[in-house]
Amino acid sequence: MAKDIPDTATLSFGDKSINLPMSSPTLGPDVVDIRKLYAQGDVFTYDPGFTSTASCESAITYIDGDKGELLYRGYPIDQLAEKSSFLEVCYLLIYGELPSATELTDFTTRVTHHTMLHEQMTNFFRGFRRDAHPMAIVCGVVGAMSAFYHDSTDIYDPWQREVATIRLIAKLPTICAWAYKYHVGQPFIYPRNDLNYAENFIHMCFAVPATEFKVDPILSKAMDRIFTLHADHEQNASTSTVRLAGSSQANPFACIAAGVACLWGPAHGGANQACLEMLREIGTVDRIPEYIEKAKDKADPFRLMGFGHRVYKNFDPRANVMKESADEVLGLMGIEDNPTLQVAKELERIALQDAYFKEKKLYPNVDFYSGIILDAMGFPTSMFTPIFALARTAGWISQWKEMIADPSQKIGRPRQLYTGAPHRDYVPVSER
Ligand code: ACO
């Protein structure tokens, strides 16, 4: 049933009164459309960090931060994590509906047959220093894809957009695995079409040519679930970066590279690496109170990594699934007494009882447990954020495609509240 909302909101200031149209979304708060505000009222709105600003219309992902709910195209994340697979989720995000069996087979075949990289790209990898962070390599190589795949850079051709989409989803595992292989000085392992998406990624990371490597199905299932949980998350910083880059009509590879760059920061995708490093630094359960106090001390820049979220003011639903996965994976590997997992669980328990965290509604986010699983699988911390980027590519490209097809799309160009010097005349250096 449609909500009963007023058609307009009235903004009054000075002797002006402006009526602004309102719209009602399928889910979430109503929206005041301020597009004509500057033309009619000669004022801007000021909203650093976009805390109250919708930058686009989107039908892909929905978050209810108070309830702790995340939906991909309407489907709850816990149902998808339990019952679906990452490639099916990719299809859902990109095309809007769950695929039929034939559609899924066709999509899987198309992705599987695009996993190889242009052979000349191996030279590009070799140009990096061995000690380069894998995120630096992934960011560079994804950006460089536009130099290798010219036939999918015309954003106005729907077929080229489709090919770029498949290429990005198919090649990101190869790029991330090769960034890792280069980093550790091992030969690149080529993708294999007899393995599924997650198996293939694990194989490209951990196999070596000298011996056979079998992917443990428990690990590939956990990997697939990690990909699903990270696939999309509404208009977060990196997705907004992809959209902003795309709004200038830049090619899809350049836009996704911009998303990778933004994801790298420790306040966003880099938090999984920072979180595991923090848990290791804490080391033992008895040191937790000391770190809780540091996190609460305003004079100390330390923050509890993996805690807090701009939108969730309740449990991050992905953190719950991730916690279950951590128990499952470590249990099945026979390392349930892993000290880092013990510290994480106790830290969560203490923080959730603490008045500071309760009052500020700070709960564990997706990154709190993901690092523990990835570490148990054998990934170094530097690979955590590339794995996040691999998964989020599905969301980025879906959002980019949605934006390109939106007739109301314009180049993104925020305004500012200028606080610099007013007009002044140049003074020659001899008179200064
Ligand atoms: N530890 C201690 N205090 C915190 C934390 C934390 N992890 N997060 C927020 N706070 C406090 C802030 O100091 C602030 O206190 P104040 O009101 O007294 O000034 C209050 O809670 C609100 O925090 P903001 O930083 O204003 O909230 P914002 O929405 O801007 O930040 C963010 C969200 C960046 C995720 C923040 O919670 C954080 O830095 N968390 C740690 C990093 C992290 O885990 N990032 C991953 C996010 S999920 C993702 O990107 C996949």
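As the structure is a computational prediction, the values presented were derived from the model and not from experiment. Ligands are counted one by one from 1 in listed order, and the atoms in each one are counted from 1 as well.
Given atom 2 (C) of ligand 1, the protein heavy atom at minimum distance is A295 O, 3.6 Å. Of the protein's non-hydrogen atoms, K360 CD, 3.7 Å is the one closest to atom 20 (C) of ligand 1. With hydrogens left out, the protein atom closest to atom 1 (N) of ligand 1 is L304 N, 3.1 Å, a heavy atom. With hydrogens left out, the protein atom closest to atom 35 (C) of ligand 1 is G308 O, 3.7 Å, a heavy atom. Looking only at protein heavy atoms, the nearest one to atom 13 (O) of ligand 1 is K298 NZ, 2.9 Å.
Residue contacts with ligand 1, taken as heavy atom pairs separated by less than 4.0 Å, involve N365 solely via side-chain atoms from C-beta onward. With a 4.0 Å heavy-atom cut-off, ligand 1 is reached by the side chain of L362 but not by its N, CA, C or O. The part of D367 lying near ligand 1 is the side chain, judged by heavy-atom distances below 4.0 Å.
By heavy-atom distance, the residue among F307, F302, Y356, F388 lying nearest atom 3 (N) of ligand 1 is Y356. Remark: among candidates R303, H233, H268, the nearest residue to atom 36 (C) of ligand 1 is R303, based on non-hydrogen atoms. Looking at K296, H230, R310 and measuring to atom 33 (C) of ligand 1, the nearest heavy atom belongs to R310. Which of M305, K313, R318, H309 comes nearest to atom 42 (C) of ligand 1 through a heavy atom is settled by distance: it is M305.
Under the 4.0 angstrom criterion, atom 18 (O) of ligand 1 counts as having a protein heavy-atom contact. The nearest protein heavy atom to atom 22 (C) of ligand 1 is not closer than 4.0 Å. Per-atom contact check: atom 26 (O) of ligand 1 does not touch the protein, criterion being a heavy-atom distance below 4.0 Å.
For the ligand labelled ligand 1, residue F368 lies outside the 4.0 Å heavy-atom shell.
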Donor-acceptor pairs under 3.5 Å, side chain of residues 261-270 to any protein atom, not counting sequence neighbours: which ones?
residue, atom, partner, partner atom, Å
H268, NE2, N236, OD1, 3.3
H268, NE2, S238, N, 3.2
H268, NE2, S238, OG, 2.9

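We find the CE-CD1 distance between M333 and I218 to be 8.5 Å, quoted to the nearest 0.5 Å. Considering SG of C205 and CZ of F379, their distance stands at 4.5 Å, rounded to 0.5 Å. Separating the OG1 atom in T61 from the CZ atom in R73 is a distance of 7.5 Å, to the nearest 0.5 Å. Note: R161 CZ to I166 CD1 = 14.0 Å, rounded to the nearest 0.5 Å.
At least one donor-acceptor pair under 3.5 Å links the side chain of H230 to the backbone N or O of I226.
Annotation for E57: atom CD does not count as buried by contact number, only 12 or fewer foreign heavy atoms lying within 6.0 Å. In the displayed structure, R129 atom CZ is contacted under 6.0 Å by at most 12 heavy atoms of other residues, nucleotides or ligands.
Contact annotation: the side chain of D375 approaches that of R280 to within less than 4.5 Å [non-hydrogen atoms, C-beta and beyond]. Contact check for Y363 versus F368: no side-chain heavy atoms found under the 4.5 Å cut-off. Looking only at side-chain heavy atoms (C-beta outward), V138 and L172 come within less than 4.5 Å of each other.
If you number the atoms of ligand 1 from 1 as listed, the ones under 4.0 Å from a heavy atom of G306 come out as 43 (C), 44 (O). Atoms of ligand 1 lying under 4.0 Å from at least one heavy atom of A271, given by number and element, are 43 (C), 44 (O), 45 (N), 46 (C). With ligand atoms numbered from 1 in the order given, ligand 1 contributes 45 (N), 46 (C), 47 (C) to contacts under 4.0 Å with heavy atoms of A267.
A cation-pi arrangement is present between R130 and Y182 under the rule of less than 6.0 angstrom and at most 45 degrees off the ring axis.
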